[in-house]
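Working notes, beginning with the structure itself.
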There are 2 protein chains.
Amino acid sequence: MAIRQIIDFVAIKAACENCRLAALCLPAGLEAPDLKRLEQLVRRPHPLRRGAALFRASDRMHAIYAVRAGSFRTYYLAEDGREKVLGFYLPGELLGFDGLGSGQHRCTADALETASVCELPLAQLQELADRLPSLNHQLYRLMSQEIAHDQEMLLLLSDKNAQERLATFLLNLAQRFGKRGFSAGEFHLSMSRQNIANYLGLTLETVSRTFSQFQREGLLSVERRHVRLLDKRRLSVMAGPGRPASSSTAT
Amino acid sequence: MAIRQIIDFVAIKAACENCRLAALCLPAGLEAPDLKRLEQLVRRPHPLRRGAALFRASDRMHAIYAVRAGSFRTYYLAEDGREKVLGFYLPGELLGFDGLGSGQHRCTADALETASVCELPLAQLQELADRLPSLNHQLYRLMSQEIAHDQEMLLLLSDKNAQERLATFLLNLAQRFGKRGFSAGEFHLSMSRQNIANYLGLTLETVSRTFSQFQREGLLSVERRHVRLLDKRRLSVMAGPGRPASSSTAT
DNA sequence: CGCCCGTTTGAGATCGTTCAAGCCAGGTGG
DNA sequence: CCACCTGGCTTGAACGATCTCAAACGGGCG
């Protein structure tokens with residue numbers, strides 16, 4: 001498979017120090033010598049294909065992951081089988097902290113498209129963290145961001161209507177894509193309407209209708225999963241309070 | 001003031017080792033020698049009266065707090081002035097981590113009634129944590145719990161109807177009161193309907209009506225802020241999926 | 001005693017859901 | 001190569017839970 005080969009090739013070359021995502025990733029804020037040590041821990045497993053799980057709820061946590069390519073979704077399964085989508089993760093973003101307290105993951109992460117990660121084995125990471133306060137602080141910072149994201153979502157879910165929710169979501173994605181060197185005005189949604197709806201606490205019909213409405217109003221153009229934001233200013237007004245930014249583990 | 005004197009008297013005697021809340025508090029899981037060191041950091045400021053802020057959003061974070069008596073609410077102020085109540089804190093529960101990442105609090109905490117806290121100054125706590133991996137792990141565990149709580153709330157806000165929300169809330173409170181040696185079947189709500197409503201993503205009218213409905217159905221009796229749960233089994237069924245437990249920073 | 005605030009209760013409006021039908025793109029098999 | 005099928009998406013119509021607006025109640029405090 002050609003794709004597999006390309007990815008493996010990249011994997012061999014990838015190192016935190018040279019990684020174009022480094023600034024967004026765990027290494028951010030670490031000094032060169034600490035970075036070297038961190039780098040030695042990193043594993044780069046084979047890519048996952050669409051739908052494959054990176055980890056599952058109640059799995060013993062054995063690593064933190066950085067998205068290298070592709071994208072992920074995390075969700076959480078209620079006792080009665082209902083799913084709740086908790087977040088989406090783009091390249092450079094970290095996931096898997098949810099287990100740091102208990103040693104067990106609380107949610108499942110699966111790939112929305114073919115995707116690959118860097119893996120930081122927990123045992124060695126904690127050992128390193130116990131000796132490097134700076135790494136500890138970095139981990140606190142990341143968990144804090146997770147909390148910040150969840151609290152933004154609480155505000156969104158309790159106060160915002162469908163338009164505000166979708167606008168917030170799209171601007172957030174745009175901002176995160178932009179930060180990664182992709183276009184912030186035009187992008188591909190790797191998640192289905194159903195996933196977006198679940199994440200935003202709506203039904204897929206409402207998401208679909210709201211997309212159509214935004215398009216009629218000239219705020220964006222959308223065709224299946226391709227979106228182009230045409231009037232970010234107005235979208236931003238629609239999105240309402242709470243920074244449109246800051247979703248997921250992005251800085 | 002008599003009350004003030006009593007509280008000060010208790011404050012002098014209180015020490016983590018003897019504190020009846022110790023098992024629920026930060027010290028849980030720490031060994032005796034580490035506990036001693038932690039204990040030396042603790043300050044016990046004067047009680048706060050109803051409405052007084054323990055810390056405010058955008059304040060520089062300089063401590064973590066453990067509730068000693070009374071109760072607190074945390075909320076988060078959106079740009080347009082809308083408030084979002086994030087959580088309630090009972091004796092033995094810890095608050096104030098939200099700033100661990102950035103060094104700034106993201107939300108405001110205020111007393112719902114006369115309340116007092118133990119204060120763990122951040123600078124010394126971090127210094128201690130840098131030398132005590134066990135304390136670090138404890139802090140991770142607590143932040144993790146915060147995340148767990150927020151994610152339970154995300155599920156509640158996106159999936160549950162008013163009855164499920166209120167039932168979940170009441171059972172959660174009951175469980176937390178019970179763990180603290182108060183009655184788990186009958187308790188006083190220190191927060192207003194407005195606060196409950198905001199926390200649950202409803203209006204105060206809906207909360208009020210749902211209380212009345214529960215009472216008509218024999219699930220509980222309620223008079224102003226005094227609640228007695230009469231049929232926890234049925235309430236539990238109503239509450240739906242996601243553990244009814246685990247709210248806030250309680251273990 | 002009377003005011004004020006938090007709460008309860010009622011009636012109507014609204015937004016999102018539900019149920020249902022149809023569309024479109026991509027993949028499959030004849 | 002085309003017909004068909006499937007899954008994801010769009011659109012419509014009616015329903016319903018919650019919100020909004022409004023009024024009245026009741027306890028606590030000056």
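Note that the structure is a prediction, hence the values are computed from the model and not measured. As a basis for the values below, the full set of heavy atoms in this structure was taken, side chains included, without hydrogen atoms, waters or symmetry mates.
Along DNA chain D, read 5' to 3', the first and last nucleotides having any atom under 4.0 Å from a heavy atom of chain A are D/dG8 to D/dA13.
Legend: residues meeting ring-ring contact (aromatic ring centres under 6.0 Å, His included) with B/Tyr65, ordered by chain and number and at least two apart, are B/Phe55. Under the salt bridge (charged side-chain N to carboxylate O under 4.0 Å, His left out) criterion, A/Arg165 pairs with no residue at all, not counting sequence neighbours. A search for side-chain contact (heavy atoms from CB on, under 4.5 Å) contacts involving A/Ala162 returns A/Leu202, A/Thr206, A/Thr210, not counting sequence neighbours. Scanning for salt bridge (charged side-chain N to carboxylate O under 4.0 Å, His left out) contacts around A/Glu205 gives an empty result, with sequence neighbours left out. Here B/Ser212 pairs with B/Arg216 under the side-chain contact (heavy atoms from CB on, under 4.5 Å) rule; sequence neighbours left out. A/Glu164 is linked by a salt bridge (charged side-chain N to carboxylate O under 4.0 Å, His left out) to B/Arg82, counting only residues two or more places apart in sequence or in another chain. Residues forming a salt bridge (charged side-chain N to carboxylate O under 4.0 Å, His left out) with A/Arg234 (at least two apart in sequence, or on another chain): A/Asp231.
A/Arg165 comes within 4.0 angstrom of nothing in the nucleic acid, heavy atoms only.
Counting only N and O atoms by type, the side chains of B/His105 and B/Asp59 include no donor and acceptor under 3.5 Å apart.
Of the residues near DNA chain C, A/Arg224 and A/Ala162, the one whose nearest nucleotide (by heavy atom distance) lies more toward the 5' end is A/Ala162.
Within residues 203-217 of chain B, the residues that place at least one heavy atom under 4.0 Å from DNA chain C are, in residue-number order, B/Glu205, B/Ser208, B/Arg209, B/Ser212.
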